[in-house]
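Presented below is the structure to which this report refers.
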Amino acid sequence: MLGSGSRGNAILVDGSAGSVLIDAGFGVRTLAKRFDAAQRNPGDVGALLLTHEHVDHACGAAAACDRWSWPVHASAATLAAVNVQASGAPGIVAVLSPQGATSVCGFTVDHFPLPHDATDCRAFVLTDEGSGARVGIVLDAGHVPNGLAGFLERLDLLVLESNHDVEMLANGPYPWPLKQRVGGGEGHLSNEAAAGLAAAVSHRGLRSVVLAHLSETNNTPELAMSTARSALRKAGWKRDSVMAALQRLPLSPVQADGSVGRPASTQLALGL
Ligand SMILES: [Zn+2]
Ligand SMILES: [Zn+2]
């Protein structure tokens, strides 16, 4: 997790055969600094996958792809909305197949539509074709749609938006229209909704849950994590690896076995 929140999102996923970046919601200078802080090199990234076109997910996409020659993979509607082709680098854009999976840098990439006020927001499941390890990534979503829990089956790692506490949002400083947007069906996931989804997809093989896109105004990491932990415990999940991504700093990498720290070898790992 190079950073996550309403001021920018970028998630680095390392696999057996390569690395992909999910979203480039920081400018190129900030992205370069985040790679630096994580002791990683943007040149290691084999492709950029975009969830949707909002600035906190895609503002750096065109410039970063120009600078580091990353090919971009996204739905046709997201690509049109981001207009990465305007970067002038032909042949670097690939449309995710509307049906079925696409192979990207040694990952099988499956995607699922999310209810959000963007043209075509997508959740991803990346399956490492070498190890079979699976990570699910669910960022901006106004609610949990039918079928999403099934899409997220058999995950090793889950990255999940846990945007706001419902009461903090209701009693907080946001103007009424913004409260309605964030808390609405096409806005952002509350802690409770995220916890419910995490519990629904939990199983013995789920190693770790990383909460993402936390509001700095209407949430706290402690509240998000305790809500998720208690739902997971009630669902019978025996592990305790729930963490919250930060807006300003990269997280330590989470390995496919749930351990946290630098990878001992090239295994599936999230960020650094
Ligand atoms: Zn966002
Ligand atoms: Zn968004």
Side-chain angles (χ1 to χ4, degrees), residues 4 6 8-13 15 18-26 31 45-66 68-129 134-153 155 158-161 163 181 184-189 197 212-213 270:
S4 184
S6 58
N9 293 274
I11 305 171
L12 184 59
V13 184
S19 302
V20 297
L21 190 70
I22 314 290
D23 287 342
F26 298 101
L31 259 182
V45 171
L48 172 66
L49 257 69
L50 294 176
T51 59
H52 65 298
E53 76 277 16
H54 285 164
V55 287
D56 55 321
H57 299 262
C59 71
C65 292
D66 259 3
W68 294 304
S69 303
W70 298 337
V72 188
H73 297 254
S75 71
T78 294
L79 285 172
V82 171
N83 200 13
V84 279
Q85 276 133 325
S87 69
I92 62 160
V93 173
V95 178
L96 286 173
S97 154
Q99 282 97 30
T102 308
S103 184
V104 181
C105 299
F107 292 102
T108 301
V109 177
D110 289 283
H111 49 96
F112 191 91
L114 292 175
H116 186 56
D117 52 5
T119 57
D120 187 12
C121 191
R122 295 273 153 173
F124 294 125
V125 169
L126 275 64
T127 306
D128 185 322
E129 289 162 1
R134 284 162 63 79
V135 56
I137 294 169
V138 180
L139 293 179
D140 304 15
H143 64 275
V144 175
N146 285 339
L148 180 58
F151 172 73
L152 299 170
E153 66 180 358
L155 296 179
L158 171 63
V159 177
L160 174 60
E161 167 168 66
N163 178 259
R181 193 225 144 205
E186 298 206 323
H188 293 273
L189 274 191
L197 178 59
H213 217 300
L270 292 173

Which residues pass the ring pair (Phe, Tyr, Trp, His ring centres under 6.0 Å) test with H111, not counting sequence neighbours? none

Between atom CD1 of I11 and atom CG of L139, what is the distance when rounded to the nearest 0.5 Å? 4.5 Å

So CG of L197 and NE2 of H143: to nearest 0.5 Å the spacing works out to 11.5 Å

Tell me, please, which residues at least two apart from T119 pass side chain to side chain donor-acceptor pair (under 3.5 Å). E53

Between A61 and V82 the two heavy atoms that sit nearest each other are CB-CG1, 4.4 Å

Would you sort out whether W68 and V45 count as a side chain to side chain contact (heavy atoms under 4.5 Å, CB included), showing the intermediate values? CA-CA 8 Å; W68 294 304; V45 171; over 6 Å; no

Could you label the plane-to-plane angle of the H52 and H57 rings as parallel, tilted or perpendicular, counting under 30° as parallel and over 60° as perpendicular? tilted

Under 3.5 Å: donor-acceptor pair, side chain of R134, backbone of L152: no

Output for pair (I22 CD1, H73 NE2), nearest 0.5 Å, gives 10.5 Å

Output, in order, the C-alpha distance, side-chain angles, deciding distance and verdict of side chain to side chain contact (heavy atoms under 4.5 Å, CB included) for L189 and L160. CA-CA 9 Å; L189 274 191; L160 174 60; 3.9 Å; yes

Atom CG in N163, atom NE2 in H213: separation rounded to 0.5 Å? 6.5 Å

Looking only at atom types and distance, does a side-chain atom of D56 sit under 3.5 Å from a main-chain N or O of G25, one as donor and one as acceptor? no

Considering all heavy atoms, the nearest F107-L126 contact: CD2-CB, 3.9 Å

Single hit among L21, D23, L96 for side-chain contact (heavy atoms from CB on, under 4.5 Å) with L50: D23

Kindly give the heavy-atom pair with the smallest separation between L31 and A64, and that separation in Å. CD1-CB, 4.1 Å

Kindly write out the residues that satisfy salt bridge (Lys or Arg N to Asp or Glu O under 4.0 Å) with D120, not counting sequence neighbours, or none if the list is empty. R122

For F112 against N146, the heavy-atom pair lying closest together: CZ-O, 3.5 Å

Once you round to the nearest 0.5 Å, how far does CG of L114 lie from CD of E186? 11.0 Å

Would you check if the side chain of H54 reaches a backbone N or O of D117 as a donor-acceptor pair within less than 3.5 Å? yes

Quick one: does V13's side chain get under 4.5 Å of I137's, heavy atoms only? yes

Considering all heavy atoms of both residues, which atom of L48 and which atom of C65 are nearest to each other, and what is their separation? CD2-SG, 3.9 Å

Say whether, by atom type as modelled, one donor and one acceptor occur between the side chain of E161 and the main chain of H188 under 3.5 angstrom. no

Taking all atoms of both residues into account, what is the closest heavy-atom pair of D110 and A101, and its distance? OD1-CB, 3.3 Å

